[in-house]
Amino acid sequence: MNAVGKAVFIRIAGRVQGVGFRAWTQRRAISLGLRGWVRNEPDGAVSALIAGPNEAVAEMLKAFWQGPSGADVRSVEPKPAEFSDAPADFDITG
């Protein structure tokens, strides 16, 4: 936790690659004023680090369950992260 908000590392599993999940995440995160990154994982999951105001982080965590059209999210596993690990903007990596 931080005076500016909090940071969370999330692993999203299901049909989340090949459906525009990373671009959707970036757009949604930016619209919520979040910083961080999102990337595909070799096992078919997507990982993300999101950081920002508590309410925005909570809203993004809920949104991950929906995902973009075509996604079939099976699990969203959040873990606390360091706010200082988030970049100043929101990047698609990996």
Side-chain angles (χ1 to χ4, degrees):
M1 190 82 127
N2 172 309
V4 205
K6 67 179 178 179
V8 181
F9 174 80
I10 307 102
R11 180 179 163 78
I12 304 109
R15 190 175 70 230
V16 293
Q17 290 190 17
V19 294
F21 207 98
R22 291 178 301 160
W24 173 88
T25 297
Q26 183 183 46
R27 285 190 306 273
R28 188 70 182 255
I30 290 170
S31 76
L32 291 170
L34 295 170
R35 45 193 268 197
W37 52 260
V38 61
R39 69 177 177 225
N40 283 342
E41 296 296 342
D43 66 358
V46 168
S47 293
L49 174 68
I50 59 171
N54 293 338
E55 298 80 19
V57 169
E59 189 171 331
M60 191 69 199
L61 287 171
K62 287 183 203 172
F64 277 132
W65 280 102
Q66 179 70 34
S69 174
D72 183 14
V73 177
R74 298 294 178 164
S75 68
V76 176
E77 301 172 10
K79 294 181 182 174
E82 292 296 322
F83 201 91
S84 60
D85 289 343
D89 50 7
F90 202 94
D91 301 322
I92 294 174
T93 65

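No hydrogens, no waters, no symmetry mates; every other heavy atom, side chains included, goes into these values. Given the structure is predicted, the values throughout are model-derived calculations rather than measurements.
In this structure, Asp43 contributes its side chain and Ala45 its backbone to a donor-acceptor pair below 3.5 Å. The closest donor-acceptor contact from the side chain of Gln17 to the backbone of Pro42 lies at 3.5 Å or more, if one exists at all. Under the 3.5 Å distance criterion, the side-chain polar atoms of Arg39 are left unmatched by any main-chain donor or acceptor of Ser47. Side chain of Arg15 to backbone of Gly70: a donor-acceptor contact under 3.5 angstrom is found.
Thr25 OG1 to Phe64 CZ: the interatomic distance, rounded to the nearest 0.5 Å, is 4.5 Å. Taking CG of Leu34 as the start and CD of Gln26 as the end, the distance is 12.0 Å to the nearest 0.5 Å.
Placement of Ile30 and Phe83 in two distinct hydrophobic clusters is found when ILVMFWY residues are connected by side-chain heavy-atom separations under 4.5 Å, directly or transitively. One hydrophobic cluster, built from ILVMFWY side chains closer than 4.5 Å, holds both Val16 and Met60. Hydrophobic clustering (side-chain heavy atoms under 4.5 Å, transitive across Ile, Leu, Val, Met, Phe, Trp, Tyr) keeps Val76 apart from Leu49. At a threshold of 4.5 Å between side-chain heavy atoms, the hydrophobic network of Ile, Leu, Val, Met, Phe, Trp and Tyr places Phe9 and Leu61 in two separate groups. Transitive grouping of hydrophobic side chains (ILVMFWY, heavy atoms separated by less than 4.5 Å) keeps Trp37 and Val46 in distinct clusters.
Closest of all the heavy-atom pairs between Arg22 and Ile92 is NH1-CG2, 3.7 Å. The minimum heavy-atom distance between Leu32 and Ala56, with the atom names listed, is O-CB, 3.5 Å. In plain terms, the two heavy atoms of Ala86 and Gly36 that are nearest each other are CB-CA, 4.3 Å. Counting all heavy atoms, side chain and backbone alike, Val57 lies closest to Ala51 at CG2-C, 4.3 Å.
With sequence neighbours left out, Phe21 forms a ring pair (Phe, Tyr, Trp, His ring centres under 6.0 Å) with Trp24.
In this structure, Glu82 places its CD atom where only 12 or fewer heavy-atom neighbours from other residues, nucleotides or ligands lie under 6.0 Å away.
Of the charged side-chain nitrogens involved, none lies within less than 4.0 Å of a carboxylate oxygen, so that Lys79 and Glu77 do not count as a salt-bridged pair.
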